[in-house]
**Q** 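One structure follows; several queries about it will come next.
In this text the structure is predicted, and so the values were computed from the model without any measurement. Quick note on labels: first sequence line is chain A, next is B, and so on, each numbered from 1.
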Protein chains: 2
Amino acid sequence: MQISSRFSVAVHVLTLLAAAVPGELLTSDRMAGSVNTNPVVIRRILGQLKQAGLVEVRAAAGGTYLRRDPATLTLLDVYRAVEAAEPQLFSIHEHPNPHCLVGRTIQAVLDSTLQRAQTALEQELAATTLAQVLAGVREPVS
Amino acid sequence: MQISSRFSVAVHVLTLLAAAVPGELLTSDRMAGSVNTNPVVIRRILGQLKQAGLVEVRAAAGGTYLRRDPATLTLLDVYRAVEAAEPQLFSIHEHPNPHCLVGRTIQAVLDSTLQRAQTALEQELAATTLAQVLAGVREPVS
DNA sequence: CTTATTGTAACAATGTTTGTTACAATTGGT
DNA sequence: ACCAATTGTAACAAACATTGTTACAATAAG
(Lines give C-alpha, C1' and ligand atoms only; values in the text may rest on other atoms or scores of the structure.)
Protein backbone atom coordinates (compact mmCIF):
# COMPACT_ATOMS: atom_id res chain seq x y z
CA MET A 1 0.00 0.00 0.00
CA GLN A 2 1.18 3.46 -0.79
CA ILE A 3 2.14 6.16 1.66
CA SER A 4 -0.74 8.64 1.63
CA SER A 5 -0.56 11.87 -0.32
CA ARG A 6 -0.89 13.75 2.97
CA PHE A 7 2.90 13.74 2.97
CA SER A 8 3.29 15.27 -0.48
CA VAL A 9 0.54 17.79 0.26
CA ALA A 10 2.33 18.73 3.48
CA VAL A 11 5.58 19.33 1.60
CA HIS A 12 3.68 21.38 -0.97
CA VAL A 13 2.11 23.51 1.75
CA LEU A 14 5.41 24.06 3.54
CA THR A 15 7.05 25.00 0.26
CA LEU A 16 4.38 27.65 -0.27
CA LEU A 17 5.04 28.96 3.22
CA ALA A 18 8.79 28.98 2.65
CA ALA A 19 8.29 30.86 -0.62
CA ALA A 20 6.08 33.49 1.02
CA VAL A 21 7.31 37.00 1.72
CA PRO A 22 8.72 37.01 5.28
CA GLY A 23 5.94 37.95 7.66
CA GLU A 24 3.23 36.99 5.17
CA LEU A 25 0.54 34.61 6.38
CA LEU A 26 -1.21 32.18 4.04
CA THR A 27 -4.81 31.07 4.48
CA SER A 28 -5.93 27.49 4.09
CA ASP A 29 -8.08 28.68 1.22
CA ARG A 30 -5.14 30.04 -0.69
CA MET A 31 -3.02 26.95 -0.11
CA ALA A 32 -5.94 24.73 -1.11
CA GLY A 33 -6.02 26.66 -4.37
CA SER A 34 -2.42 25.74 -5.11
CA VAL A 35 -2.75 22.13 -4.06
CA ASN A 36 -6.16 21.98 -5.73
CA THR A 37 -8.13 20.44 -2.92
CA ASN A 38 -10.57 21.42 -0.18
CA PRO A 39 -9.40 23.90 2.50
CA VAL A 40 -10.43 21.48 5.24
CA VAL A 41 -7.95 18.96 3.90
CA ILE A 42 -5.25 21.61 4.23
CA ARG A 43 -6.36 22.56 7.74
CA ARG A 44 -6.23 18.97 8.88
CA ILE A 45 -2.66 18.69 7.69
CA LEU A 46 -1.78 22.08 9.16
CA GLY A 47 -3.02 20.78 12.48
CA GLN A 48 -0.47 17.99 12.34
CA LEU A 49 2.33 20.32 11.25
CA LYS A 50 1.41 22.69 14.05
CA GLN A 51 1.44 19.91 16.61
CA ALA A 52 4.93 19.04 15.43
CA GLY A 53 5.99 22.66 15.83
CA LEU A 54 6.69 23.23 12.15
CA VAL A 55 4.17 26.00 11.66
CA GLU A 56 2.21 28.55 13.61
CA VAL A 57 -1.45 29.01 12.79
CA ARG A 58 -3.39 32.15 13.62
CA ALA A 59 -7.14 32.14 13.47
CA ALA A 60 -8.96 35.20 12.15
CA ALA A 61 -6.77 37.49 10.12
CA GLY A 62 -4.22 35.66 8.08
CA GLY A 63 -3.47 32.05 8.59
CA THR A 64 -0.19 30.19 8.78
CA TYR A 65 3.52 30.90 8.74
CA LEU A 66 6.63 28.76 9.01
CA ARG A 67 8.19 28.36 12.41
CA ARG A 68 11.36 26.64 11.27
CA ASP A 69 14.28 27.58 9.07
CA PRO A 70 13.77 25.90 5.69
CA ALA A 71 17.49 25.12 5.64
CA THR A 72 17.17 22.79 8.62
CA LEU A 73 13.62 21.54 8.17
CA THR A 74 13.96 18.13 6.52
CA LEU A 75 11.45 15.94 4.75
CA LEU A 76 11.85 13.51 7.63
CA ASP A 77 10.42 16.13 9.97
CA VAL A 78 7.45 16.45 7.65
CA TYR A 79 7.04 12.71 7.28
CA ARG A 80 7.09 12.19 11.04
CA ALA A 81 4.63 15.02 11.59
CA VAL A 82 2.15 13.61 9.14
CA GLU A 83 2.63 9.90 9.80
CA ALA A 84 2.97 10.21 13.56
CA ALA A 85 0.09 7.79 14.07
CA GLU A 86 1.97 5.03 12.20
CA PRO A 87 5.59 4.98 13.31
CA GLN A 88 6.13 1.55 11.74
CA LEU A 89 6.20 1.61 7.94
CA PHE A 90 5.83 -2.15 7.59
CA SER A 91 3.00 -4.07 9.16
CA ILE A 92 3.76 -7.59 10.35
CA HIS A 93 1.04 -10.22 10.66
CA GLU A 94 -0.01 -10.47 14.27
CA HIS A 95 -0.62 -14.00 15.49
CA PRO A 96 1.72 -16.55 13.92
CA ASN A 97 1.56 -20.03 15.38
CA PRO A 98 3.79 -20.23 18.47
CA HIS A 99 4.03 -24.02 18.14
CA CYS A 100 5.96 -23.63 14.91
CA LEU A 101 9.63 -22.63 14.94
CA VAL A 102 9.15 -20.16 12.11
CA GLY A 103 5.89 -18.83 13.53
CA ARG A 104 7.46 -18.35 16.93
CA THR A 105 10.41 -16.27 15.75
CA ILE A 106 9.53 -14.66 12.45
CA GLN A 107 8.16 -11.50 14.00
CA ALA A 108 11.37 -10.63 15.82
CA VAL A 109 13.53 -11.43 12.78
CA LEU A 110 11.36 -9.36 10.47
CA ASP A 111 11.04 -6.55 12.92
CA SER A 112 14.76 -5.86 13.12
CA THR A 113 15.28 -6.32 9.40
CA LEU A 114 12.40 -4.10 8.35
CA GLN A 115 13.37 -1.50 10.89
CA ARG A 116 16.73 -1.22 9.13
CA ALA A 117 14.96 -0.71 5.81
CA GLN A 118 12.73 1.95 7.28
CA THR A 119 15.73 3.71 8.78
CA ALA A 120 17.42 3.76 5.38
CA LEU A 121 14.38 5.46 3.92
CA GLU A 122 14.22 7.94 6.76
CA GLN A 123 17.88 8.84 6.43
CA GLU A 124 17.27 9.70 2.81
CA LEU A 125 14.30 11.87 3.77
CA ALA A 126 16.47 13.53 6.40
CA ALA A 127 19.00 14.38 3.71
CA THR A 128 16.60 16.67 1.87
CA THR A 129 15.67 20.05 3.35
CA LEU A 130 12.72 22.25 2.59
CA ALA A 131 15.19 24.81 1.28
CA GLN A 132 16.37 22.29 -1.30
CA VAL A 133 12.82 21.56 -2.36
CA LEU A 134 12.18 25.28 -2.73
CA ALA A 135 15.35 25.66 -4.79
CA GLY A 136 14.19 22.78 -7.00
CA VAL A 137 10.86 24.46 -7.51
CA ARG A 138 12.51 27.73 -8.51
CA GLU A 139 15.11 26.27 -10.84
CA PRO A 140 13.73 25.36 -14.22
CA VAL A 141 14.45 21.75 -15.11
CA SER A 142 16.37 23.05 -18.15
CA MET B 1 -0.27 4.23 5.60
CA GLN B 2 1.47 1.04 6.34
CA ILE B 3 2.82 -1.49 3.87
CA SER B 4 0.40 -4.40 3.96
CA SER B 5 1.15 -7.56 5.91
CA ARG B 6 1.08 -9.47 2.63
CA PHE B 7 4.80 -8.83 2.54
CA SER B 8 5.54 -10.24 5.97
CA VAL B 9 3.25 -13.19 5.30
CA ALA B 10 5.08 -13.83 2.03
CA VAL B 11 8.43 -13.85 3.83
CA HIS B 12 6.98 -16.18 6.45
CA VAL B 13 5.72 -18.56 3.78
CA LEU B 14 9.02 -18.55 1.89
CA THR B 15 10.88 -19.19 5.13
CA LEU B 16 8.72 -22.23 5.72
CA LEU B 17 9.50 -23.45 2.22
CA ALA B 18 13.22 -22.81 2.69
CA ALA B 19 13.12 -24.73 5.95
CA ALA B 20 11.38 -27.72 4.38
CA VAL B 21 13.16 -30.96 3.64
CA PRO B 22 14.45 -30.74 0.06
CA GLY B 23 11.78 -32.13 -2.26
CA GLU B 24 9.03 -31.64 0.30
CA LEU B 25 5.93 -29.77 -0.84
CA LEU B 26 3.87 -27.69 1.55
CA THR B 27 0.12 -27.20 1.23
CA SER B 28 -1.59 -23.86 1.65
CA ASP B 29 -3.42 -25.39 4.58
CA ARG B 30 -0.24 -26.22 6.40
CA MET B 31 1.30 -22.81 5.79
CA ALA B 32 -1.92 -21.14 6.86
CA GLY B 33 -1.57 -23.03 10.13
CA SER B 34 1.84 -21.52 10.76
CA VAL B 35 0.85 -18.01 9.72
CA ASN B 36 -2.48 -18.44 11.48
CA THR B 37 -4.77 -17.29 8.73
CA ASN B 38 -7.08 -18.67 6.07
CA PRO B 39 -5.58 -20.93 3.36
CA VAL B 40 -7.07 -18.74 0.64
CA VAL B 41 -5.02 -15.82 1.90
CA ILE B 42 -1.92 -17.96 1.50
CA ARG B 43 -2.94 -19.11 -1.98
CA ARG B 44 -3.46 -15.56 -3.11
CA ILE B 45 0.04 -14.66 -2.04
CA LEU B 46 1.44 -17.84 -3.53
CA GLY B 47 -0.09 -16.80 -6.82
CA GLN B 48 1.95 -13.61 -6.74
CA LEU B 49 5.15 -15.43 -5.73
CA LYS B 50 4.57 -17.94 -8.52
CA GLN B 51 4.05 -15.20 -11.07
CA ALA B 52 7.37 -13.72 -9.99
CA GLY B 53 9.03 -17.10 -10.42
CA LEU B 54 9.91 -17.53 -6.75
CA VAL B 55 7.92 -20.70 -6.18
CA GLU B 56 6.37 -23.54 -8.12
CA VAL B 57 2.86 -24.62 -7.15
CA ARG B 58 1.49 -28.05 -7.96
CA ALA B 59 -2.22 -28.68 -7.74
CA ALA B 60 -3.47 -31.98 -6.41
CA ALA B 61 -0.93 -33.88 -4.36
CA GLY B 62 1.37 -31.65 -2.48
CA GLY B 63 1.50 -27.95 -2.93
CA THR B 64 4.40 -25.57 -3.19
CA TYR B 65 8.17 -25.64 -3.26
CA LEU B 66 10.87 -23.00 -3.59
CA ARG B 67 12.26 -22.35 -7.05
CA ARG B 68 15.12 -20.09 -5.99
CA ASP B 69 18.22 -20.52 -3.91
CA PRO B 70 17.53 -18.95 -0.48
CA ALA B 71 21.05 -17.54 -0.55
CA THR B 72 20.26 -15.31 -3.52
CA LEU B 73 16.57 -14.68 -2.98
CA THR B 74 16.36 -11.26 -1.33
CA LEU B 75 13.56 -9.52 0.51
CA LEU B 76 13.46 -7.06 -2.37
CA ASP B 77 12.44 -9.91 -4.68
CA VAL B 78 9.62 -10.72 -2.28
CA TYR B 79 8.61 -7.11 -1.89
CA ARG B 80 8.46 -6.60 -5.65
CA ALA B 81 6.49 -9.79 -6.14
CA VAL B 82 3.88 -8.82 -3.62
CA GLU B 83 3.69 -5.09 -4.29
CA ALA B 84 3.99 -5.36 -8.06
CA ALA B 85 0.75 -3.44 -8.51
CA GLU B 86 2.18 -0.40 -6.65
CA PRO B 87 5.71 0.26 -7.85
CA GLN B 88 5.71 3.73 -6.30
CA LEU B 89 5.91 3.68 -2.51
CA PHE B 90 4.91 7.33 -2.12
CA SER B 91 1.77 8.74 -3.62
CA ILE B 92 1.87 12.34 -4.81
CA HIS B 93 -1.28 14.46 -5.04
CA GLU B 94 -2.46 14.53 -8.62
CA HIS B 95 -3.69 17.92 -9.82
CA PRO B 96 -1.78 20.82 -8.28
CA ASN B 97 -2.56 24.23 -9.73
CA PRO B 98 -0.50 24.80 -12.89
CA HIS B 99 -0.90 28.58 -12.54
CA CYS B 100 1.16 28.52 -9.35
CA LEU B 101 4.94 28.17 -9.51
CA VAL B 102 4.97 25.66 -6.67
CA GLY B 103 1.96 23.79 -8.01
CA ARG B 104 3.49 23.58 -11.45
CA THR B 105 6.77 22.03 -10.37
CA ILE B 106 6.27 20.29 -7.04
CA GLN B 107 5.42 16.93 -8.57
CA ALA B 108 8.68 16.64 -10.49
CA VAL B 109 10.75 17.79 -7.51
CA LEU B 110 9.04 15.38 -5.14
CA ASP B 111 9.13 12.54 -7.60
CA SER B 112 12.91 12.50 -7.89
CA THR B 113 13.44 13.06 -4.18
CA LEU B 114 11.03 10.37 -3.06
CA GLN B 115 12.34 7.97 -5.65
CA ARG B 116 15.74 8.26 -3.98
CA ALA B 117 14.19 7.48 -0.60
CA GLN B 118 12.40 4.46 -2.02
CA THR B 119 15.61 3.24 -3.60
CA ALA B 120 17.37 3.48 -0.26
CA LEU B 121 14.69 1.30 1.29
CA GLU B 122 14.89 -1.18 -1.56
CA GLN B 123 18.65 -1.44 -1.33
CA GLU B 124 18.30 -2.37 2.31
CA LEU B 125 15.73 -5.02 1.42
CA ALA B 126 18.06 -6.30 -1.27
CA ALA B 127 20.77 -6.71 1.35
CA THR B 128 18.86 -9.37 3.25
CA THR B 129 18.46 -12.85 1.80
CA LEU B 130 15.94 -15.52 2.63
CA ALA B 131 18.87 -17.61 3.86
CA GLN B 132 19.67 -14.91 6.41
CA VAL B 133 16.07 -14.81 7.58
CA LEU B 134 16.10 -18.58 7.95
CA ALA B 135 19.31 -18.40 9.93
CA GLY B 136 17.76 -15.77 12.18
CA VAL B 137 14.77 -17.99 12.78
CA ARG B 138 16.97 -20.90 13.73
CA GLU B 139 19.34 -19.01 15.97
CA PRO B 140 17.91 -18.39 19.41
CA VAL B 141 18.03 -14.73 20.34
CA SER B 142 20.27 -15.80 23.26
C1' DC C 1 -11.15 -42.70 -11.48
C1' DT C 2 -10.74 -40.96 -7.17
C1' DT C 3 -9.22 -37.66 -4.12
C1' DA C 4 -6.55 -33.93 -2.47
C1' DT C 5 -5.35 -29.63 -3.66
C1' DT C 6 -5.12 -25.34 -6.15
C1' DG C 7 -7.21 -21.19 -8.50
C1' DT C 8 -10.58 -17.96 -8.35
C1' DA C 9 -14.94 -15.67 -7.80
C1' DA C 10 -17.94 -13.54 -4.69
C1' DC C 11 -18.97 -11.41 -0.60
C1' DA C 12 -18.61 -9.17 4.09
C1' DA C 13 -16.33 -6.57 7.56
C1' DT C 14 -13.14 -3.28 8.60
C1' DG C 15 -10.27 0.65 8.18
C1' DT C 16 -8.09 4.59 5.78
C1' DT C 17 -8.18 8.26 2.67
C1' DT C 18 -10.02 12.20 0.52
C1' DG C 19 -13.54 15.44 -0.14
C1' DT C 20 -17.50 17.90 1.54
C1' DT C 21 -20.84 20.70 4.42
C1' DA C 22 -21.70 22.93 8.52
C1' DC C 23 -20.86 25.55 12.38
C1' DA C 24 -18.84 27.01 16.78
C1' DA C 25 -14.59 29.23 18.45
C1' DT C 26 -11.12 32.53 17.83
C1' DT C 27 -9.04 36.85 17.10
C1' DG C 28 -7.39 41.06 14.43
C1' DG C 29 -8.84 45.43 13.10
C1' DT C 30 -11.83 49.30 13.46
C1' DA D 1 -17.23 46.16 21.88
C1' DC D 2 -18.27 44.52 17.52
C1' DC D 3 -17.59 42.76 12.93
C1' DA D 4 -15.70 39.83 9.69
C1' DA D 5 -12.47 36.54 8.32
C1' DT D 6 -10.47 32.48 9.51
C1' DT D 7 -9.46 28.34 12.00
C1' DG D 8 -10.75 23.88 14.40
C1' DT D 9 -13.50 20.12 14.32
C1' DA D 10 -17.44 17.14 13.87
C1' DA D 11 -20.08 14.46 10.86
C1' DC D 12 -20.81 12.25 6.81
C1' DA D 13 -20.15 10.01 2.10
C1' DA D 14 -17.66 7.83 -1.57
C1' DA D 15 -14.01 5.23 -2.94
C1' DC D 16 -10.71 1.88 -2.22
C1' DA D 17 -7.54 -1.78 -0.15
C1' DT D 18 -7.07 -5.34 3.11
C1' DT D 19 -8.17 -9.52 5.33
C1' DG D 20 -11.04 -13.31 6.12
C1' DT D 21 -14.56 -16.43 4.56
C1' DT D 22 -17.44 -19.78 1.75
C1' DA D 23 -18.02 -22.17 -2.34
C1' DC D 24 -16.85 -24.63 -6.25
C1' DA D 25 -14.72 -25.68 -10.73
C1' DA D 26 -10.19 -27.12 -12.55
C1' DT D 27 -6.20 -29.84 -12.05
C1' DA D 28 -3.27 -33.63 -11.61
C1' DA D 29 -1.02 -37.51 -8.63
C1' DG D 30 -1.52 -42.08 -7.62
**Q** Does B:Ser4 place a side-chain N or O at less than 4.0 Å from the phosphate oxygens OP1/OP2 of D:dT19?
**A** yes
**Q** First locate atom OG1 of B:Thr72, then atom CG of B:Asp77, and finally report the distance between them rounded to the nearest 0.5 Å.
**A**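 These two atoms lie 7.5 Å from each other.
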**Q** Checking contacts here: which listed nucleotide (C:dT20, D:dA17, D:dT19) is nearest the side-chain heavy atoms of A:Met1?
**A** D:dA17
**Q** Of all the choices, D:dG20, C:dT18, D:dA23, which nucleotide is nearest to the side chain of B:Val40 once you look at every atom?
**A**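 Selected nucleotide (nearest to the side chain): D:dA23.
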**Q** Where the side chain of B:Arg44 is concerned, which of D:dT7, C:dA10, C:dG7 is the nearest nucleotide?
**A**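 Among the listed nucleotides, the one closest to the side chain of B:Arg44 is C:dA10.
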**Q** Could you tell me which non-hydrogen atom of A:Leu89 sits nearest to which non-hydrogen atom of A:Gln118, and how far apart they are?
**A**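 Closest heavy-atom pair between A:Leu89 and A:Gln118: N-OE1, 3.0 Å.
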**Q** Angle class for the A:Tyr79/A:Phe7 ring planes (parallel below 30°, perpendicular above 60°, tilted otherwise)?
**A** perpendicular
**Q** Between atom CD in A:Glu56 and atom P in D:dT7, what is the gap in whole Å?
**A**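 Going from CD in A:Glu56 over to P in D:dT7 covers 13 Å.
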**Q** Indicate whether OP1 or OP2 belonging to C:dT6 is found under 4.0 Å from a side-chain N or O atom of B:Lys50.
**A**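 So the side chain of B:Lys50 is outside the cut-off, no N or O lying under 4.0 Å from OP1 or OP2 of C:dT6.
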**Q** Can you tell which of D:dT19, D:dG8, C:dT17 lies closest to the side chain of A:Arg43?
**A** D:dG8
**Q** Has A:Thr27 got a side-chain N or O lying under 4.0 Å from the OP1 or OP2 atom of D:dT6?
**A**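 So the side-chain polar atoms of A:Thr27 never come under 4.0 Å of the phosphate oxygens OP1 or OP2 of D:dT6.
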**Q** Measuring from B:His12:NE2 to A:Gln107:CD, what's the distance to the nearest 0.5 Å?
**A** 9.5 Å
